[in-house]
Amino acid sequence: MSALLFRRIYGATFKPGTRKLLSTAAPPKTWRPFFTASAIAGFSAAAYTIGSIYPPSALTILFPRTAPGPPDPATPESKAYTESLEQTLQTLPLLEQLRKQEDADDWYESRPYLNYPEERRVNSLTGGALKGPGKLALYPLVRSKKDETESVIFVHVGRGLCGHDGIIHGGLLATLLDETLARTAIANLPEKVGVTALLTLNYRAPTRADQFIVIRTFLQEAKGRKATVTGRVEALDGTLLVEASATFVQPRYAKLLNTEALKKAMGEPPHSHTPIHLADGEKIRPPK
């Protein structure tokens with residue numbers, strides 16, 4: 001190969017009789033910035049996708065913080081906790097708003113099981129077994145229309161009522177809806193006694209523990225021995241948690257039953273506008 005041709009191929013600075021050593025140095029790092037930018041973009045996209053599918057609130061549901069079990073209700077700490085919750089309940093903005101609304105005189109208040117006989121209450125699911133701090137710490141506060149067509153119930157649900165840790169068990173919510181819907185339905189049955197014939201639930205969002213929830217009930221139809229009602233569970237901010245509909249039927253043997261205990265457990269409207277406790281025992285309608 002001629003020196004001229006060799007020079008054209010390997011460089012004009014090559015001179016015959018000299019040796020040009022081939023370089024072993026790494027090629028210029030022109031691709032590194034591109035790879036770095038691609039990695040950052042990929043990580044950002046992945047983080048955005050995960051954050052969209054599992055936002056921080058969802059992550060707290062999937063990975064809740066541990067919490068101690070329900071405490072002994074007889075301890076001074078438990079009693080102080082219950083008293084603090086009661087004060088919080090009485091000052092909830094929504095409750096205060098309802099008490100001040102224009103039609104407030106058309107409603108009355110009651111507290112289920114508050115004065116219910118102890119020998120009966122201890123064997124009640126919501127009034128006895130599930131009652132206490134960390135569970136159902138407070139007796140529900142019921143605001144019901146005097147015509148018994150609608151009610152708003154405030155309930156505090158504790159950490160000891162969970163299925164998945166931090167999330168209230170769906171069966172517990174079904175129980176609360178069954179009892180609150182029954183209250184509206186039974187008040188519209190002839191003998192004020194009824195049993196659940198049908199209960200349908202649609203769970204719309206997880207219900208977090210350690211919060212006040214609001215249960216709203218509405219009478220849809222009352223005809224003879226049957227009453228149909230609907231209801232919903234909401235967070236205090238109005239978030240829909242559960243929807244429900246139910247049918248209650250008065251048994252044919254209702255007249256043979258002693259309904260006084262049921263009346264005390266359900267709560268009845270007072271003869272005045274002053275809020276009452278559930279077990280005060282006023283008649284639903286004044287005697288004729």
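Computed from a predicted structure; not experimentally measured. Numbers for residues simply follow the sequence, beginning at 1.
Salt-bridge formation is not detected for the pair D105/K146: no Lys NZ or Arg NE/NH1/NH2 atom is positioned less than 4.0 Å from an Asp or Glu carboxylate oxygen. A salt bridge is absent between E243 and R216; no separation between the charged side-chain nitrogens and carboxylate oxygens falls under 4.0 Å.
Proximity of a side-chain donor or acceptor of D210 to a complementary backbone N or O of G158 within less than 3.5 Å is not detected. A donor-acceptor pair under 3.5 Å is formed between the side chain of T88 and the backbone N or O of S84.
In terms of heavy-atom proximity, A174 sits nearest to Y203 at CB-OH, 3.9 Å. The minimum heavy-atom distance linking L136 with K131 is given by the pair O-CD, 3.1 Å. Residues A244 and L181 come closest through the heavy atom pair CB-CD1, 4.0 Å. Residues Y81 and A137 share a closest heavy-atom pair of CE2-CB, 4.4 Å. Closest heavy-atom contact between P251 and R225: C-NH1, 4.1 Å. Among all heavy-atom pairs drawn from P112 and P140, the shortest one is CD-O, 2.9 Å.
Classified by interplanar angle (parallel below 30°, tilted 30° to 60°, perpendicular above 60°), the ring pair H156/F212 is perpendicular.
Side-chain contact between N202 and R204: present, with at least one pair of heavy atoms (C-beta onward) separated by less than 4.5 Å. Using a 4.5 Å heavy-atom cutoff, the side chains of V142 and E109 are not in contact. Put simply, the side chain of Q87 does not reach to within 4.5 Å of the side chain of Q90, judged on heavy atoms. The closest side-chain heavy-atom distance from S151 to K145 is not below 4.5 Å. A 4.5 Å side-chain heavy-atom check between L161 and H169 finds every atom pair outside the cut-off. No side-chain heavy atom of E77 sits less than 4.5 Å from a side-chain heavy atom of D72.
Distance check, rounded to the nearest 0.5 Å: CD1 of I213 to CD1 of I168 gives 7.5 Å. Atom OG of S245 sits about 6.5 Å away from atom CG of L198, to the nearest 0.5 Å. Residue R111 holds its CZ atom at 11.0 Å from CZ of F154, rounded to the nearest 0.5 Å. Rounding to the nearest 0.5 angstrom, the gap separating the CD1 atom in I186 from the CD atom in E148 is 11.0 Å. Atoms CZ and CG, on R99 and L92 in that order, are 9.0 Å from each other to the nearest 0.5 Å. Distance CG/D178 to CZ/R183: 14.5 Å, rounded to 0.5 Å.
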For T217 and T180: C-alpha separation, side-chain torsions, deciding distance, then whether side chain to side chain donor-acceptor pair (under 3.5 Å) applies. CA-CA 7 Å; T217 69; T180 52; over 6 Å; no
Given side chain to side chain donor-acceptor pair (under 3.5 Å), test E179 with T126 step by step and report yes or no. CA-CA 9 Å; E179 290 196 353; T126 54; 2.9 Å; yes
For a salt bridge (charged side-chain N to carboxylate O under 4.0 Å, His left out) check, start with the C-alpha distance between R121 and E118, then their side-chain angles and the critical distance, and finish with the verdict. CA-CA 5 Å; R121 188 187 65 79; E118 181 67 12; 2.9 Å; yes
Step by step, work out the salt bridge (charged side-chain N to carboxylate O under 4.0 Å, His left out) result for E234 and R232. CA-CA 6 Å; E234 300 174 350; R232 52 195 286 138; 2.6 Å; yes
Using the rule given for side chain to side chain donor-acceptor pair (under 3.5 Å), can you reason through T230 versus Q220, listing the C-alpha separation, both sets of side-chain angles and the distance that settles it, and then say yes or no? CA-CA 7 Å; T230 58; Q220 299 300 319; 2.8 Å; yes
Steps toward side chain to side chain donor-acceptor pair (under 3.5 Å) verdict (E86, T82): CA-CA 6 Å; E86 179 66 26; T82 302; over 6 Å; no
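If you chain together hydrophobic residues whose side chains sit under 4.5 Å apart, L89 and L85 fall into the same group. L130 and L173 fall within the same hydrophobic cluster, where Ile, Leu, Val, Met, Phe, Trp and Tyr residues are linked whenever their side-chain heavy atoms come under 4.5 Å apart, directly or through other members. Linking ILVMFWY residues whenever their side-chain heavy atoms come closer than 4.5 Å, directly or via other members, places L176 and L125 in the same cluster. Both V152 and L94 are part of a single hydrophobic cluster, where members link through side-chain heavy atoms under 4.5 Å apart. F218 and V214 are members of different hydrophobic clusters when ILVMFWY side chains are connected at heavy-atom separations under 4.5 Å.
Between I153 and the options L177, I215, T184, a side chain to side chain contact (heavy atoms under 4.5 Å, CB included) holds for only I215.
F248 does not carry K226 over the face of its six-membered ring by the limits of under 6.0 Å from the centre and within 45° of the normal.
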